[in-house]
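Worksheet for the structure shown next.
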There are 2 protein chains.
Amino acid sequence: MDLTESQTPIQAPVRREQTAAFSPLYQQIRQLLLQALEKGEWKPGEMIPSEFDLARRFHVSQGTVRKAIDELAGEHILIRRQGKGTFVATHREPVVRFRFLRLAPSDGETVPADSEILWCRKVRANAEAAAALELKSGDGLIYIRRLLSFRGQPTVVDDIYLPASLFRGLTMAVLTENTGPLYGLLEARFGVSMVRADERLRAVAAPEDIAELMKIERHKPLLRVDRVSYTYGDRAVELRYGHYLTDQYFYRNTLM
Amino acid sequence: MDLTESQTPIQAPVRREQTAAFSPLYQQIRQLLLQALEKGEWKPGEMIPSEFDLARRFHVSQGTVRKAIDELAGEHILIRRQGKGTFVATHREPVVRFRFLRLAPSDGETVPADSEILWCRKVRANAEAAAALELKSGDGLIYIRRLLSFRGQPTVVDDIYLPASLFRGLTMAVLTENTGPLYGLLEARFGVSMVRADERLRAVAAPEDIAELMKIERHKPLLRVDRVSYTYGDRAVELRYGHYLTDQYFYRNTLM
DNA sequence: TAGTGGTCTAGACCACGGA
DNA sequence: CCGTGGTCTAGACCACTAG
C-alpha cells in the first residue's frame, strides 16, 4: 500500500528542545495516521498496513506505531482484530451504529429501525446552524427530515442539517435507495466519516407537526436531542435535532 | 506501604496452557490492584506505590504494571500525575463530579449546585429496587430525597436508594452536615467508591409532588433519569431516580 | 537532586485467523 | 504454515514536581 511512495516521513524524529511545546513521537504518528485517513488513503472497512510496515514508513519502532494506533482504536476510529489486522471503523457495522443511536426498548427485545425520509431540501444556514457548523450565515445546507419507526410505532423524528458543500449530489433519491444507516451512506458516498458527536438533551412538549407525525397528542413530553457531529480533526459536519418518543424506549448512557 | 508484608504474589507468572481461558499478566495485576482498592489499602485521594515498587511486589516488570495502571486510569479509577505519582480517584474533586452530574446551563455560566436534603428514611426494597441492586425483596434500603437548585431555581429532584447494609449510620444529620458531593461522603465515610453508572433517560410529565417542589405546573415535561451506580467489581450499590427541569439546563453527552 | 510518571527502543515469544 | 496483533521484558532517557 504505497510504502515506497514519497510521503512526508518524520525525518529525524523531532525532539523539541526542552520546555518547548513537547509532542511525543507517537502523537506525531497519530496525527500522520489521521491525515492519511482524512485523505482517504484507507477507506472505512479497509485494512491499514501492519504495525511493522507503518513503523518502517514513519521511521520509528513498532511499539511507537502501536501506541498511536492504541489511541485511535480507543477513539473507535480504527478497529484492531487480532490475527487479521487493523481496520478503519465503518458505520455500516451494527456495533458502531448502536454507539450513535442510543434508544433501547424498555422491554428487552431489540428491534431494527424502519426509516422513512420525509423530505430533503436545500436551505440557507441561520445564525445557529452557522455557528454550530462553523459556516457563515446563509451558506447552503441540505435539510433532511426523517421518521424512524420501531414495530410500526413512529418513535423518532430527526431534522438533519448538512453543509451542502460537502455533500453535493445528496438527494431524496439517493437517500431513499439507501438501506443502511445514514452515516454509512455519508462515509461511503461522500467520504465523510462521523467520529464523534456532542449531544444536548432536554424534555420538551411535542410540537404540533411532530405530534402529528408520531400520531400522539400535542404537548406530550418528548426527549429532544440536539446533536453536532464531527469528523476527523474535530470538524463539525452535521447538526441534528431529534425528537424521541420515550414511552416504550429510553436513551441509554454510561457514566465513567 | 506494606511492600514486605505477606501478600499473595503471583508466584510463577501464570502462563495458562494453550487454548485455555487466557488472561494476560497485566490483567491479573489489574485485578490485584482492584482487590487492594476494594480492601481499602489505598483510600480515595491517596497515592499508590510507584510503578517500580508495584513491579517488585507483584514480580513482574514495570511495563506490565504500567499497562495495568493504564487501564485503571482509563476507567478513571486511578489518576496519574506526572512527576508526583498515581492516585486513587475521589469524588471530592470537581472534575470527577462533572462526570456524574451532566447538567450544564444553556447560557454559558457554570454554577454551583445548592443541595437540600428533604428526607432520609429506612424502607424495604420492592421488586424493582431489589433486582437493580442485586438484593432480595424486603431488604433494608435507605431512601433519600433531595432537591438541587441552581441560582435559587429548584432544578433537580433525586430519589436515592442505598442498601442499608452498606451505609449503616447514614442519617439525615450526617447528610445535612456534609457540604461536598454525596458520592464524596459515601466514599470517605463508608468506603464505597462509585466507579461507573448506567443511566436511562426519558421525557415524562411532572408528577404532582415534584411539580410542587420545583414550583412548576403539573405535567410540565421533565427529563427523568434512572441511574444504577456501581463500585469496584461491577457491584450495584445505588439506585436513583432523578427528575430534571431542562428549561435553563440540558443534559450533555458525548458519543464516541 | 531525587523520585515519579512518560517515551522509545529492540527483541522474544504467544494467540489468533486464514491459507 | 505464515502474517497479523498482543504480551512481556530490560534498559535508556526525558519531563515534571518538589524539597
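Because the structure is predicted, anything quoted here is derived from the model rather than measured. Chain identifiers are assigned alphabetically (A, B, ...) following the order of the sequence lines, protein sequences preceding nucleic acid strands; residue numbering begins at 1 within each chain.
With distances taken from any side-chain atom of B:Val60 to the nucleotides D:dG6, D:dT9, C:dT7, the minimum falls on D:dT9. The side chain of B:Ser61 lies closest to D:dT9 when the candidates are D:dT9, D:dA15, D:dG5. With C:dC8, D:dT9, D:dT4 as the choices, the nucleotide that has an atom nearest any side-chain atom of B:Thr64 turns out to be D:dT9. The side chain of A:Pro24 sits closest to C:dC8 out of C:dA15, D:dC8, C:dC8. Set against D:dT9, D:dG6, C:dG6, the side chain of B:Gln82 has C:dG6 as its closest nucleotide.
Minimum heavy-atom separation, B:Leu201 to A:Thr246: O-CG2, 4.3 Å.
At the phosphate of D:dT7, OP1 or OP2 sits under 4.0 Å from a side-chain N or O atom of B:Lys67. Not one side-chain nitrogen or oxygen of B:Arg80 sits closer than 4.0 Å to the OP1 or OP2 atom of C:dT4. The side chain of A:Lys84 places an N or O atom within less than 4.0 Å of a non-bridging phosphate oxygen (OP1 or OP2) of C:dG18. Distances shorter than 4.0 Å separate some side-chain N or O of B:Thr86 from OP1 or OP2 on C:dG5.
Between A:Gln27 and B:Ile69, the residue whose closest nucleotide on DNA chain C is further toward the 5' end is B:Ile69.
Among the atoms of the strands shown, only primed sugar atoms or phosphate atoms (P, OP1, OP2) are found under 4.0 Å from some heavy atom of B:Arg81. Contact annotation for B:Tyr26: backbone-only contact, meaning every heavy-atom pair under 4.0 Å involves sugar-phosphate atoms and none involves a base.
When ring centroids are compared, B:Tyr249 and B:Phe150 come within the 6.0 Å threshold.
Residue A:Glu51 is tested with A:Lys67, A:Arg80, A:Arg57 for a salt bridge (Lys or Arg N to Asp or Glu O under 4.0 Å); the sole match is A:Arg80.
With a cut-off of 3.5 Å on both Watson-Crick or G-U wobble distances, the partner of C:dC8 is given as D:dG11.
Here C:dT4 presents its P atom at 14 Å from CZ of B:Arg66, a figure rounded to the nearest Å.
At distances below 3.5 Å, at least one donor-acceptor pair connects side-chain atoms of A:Thr231 with backbone N or O atoms of A:Ser193.
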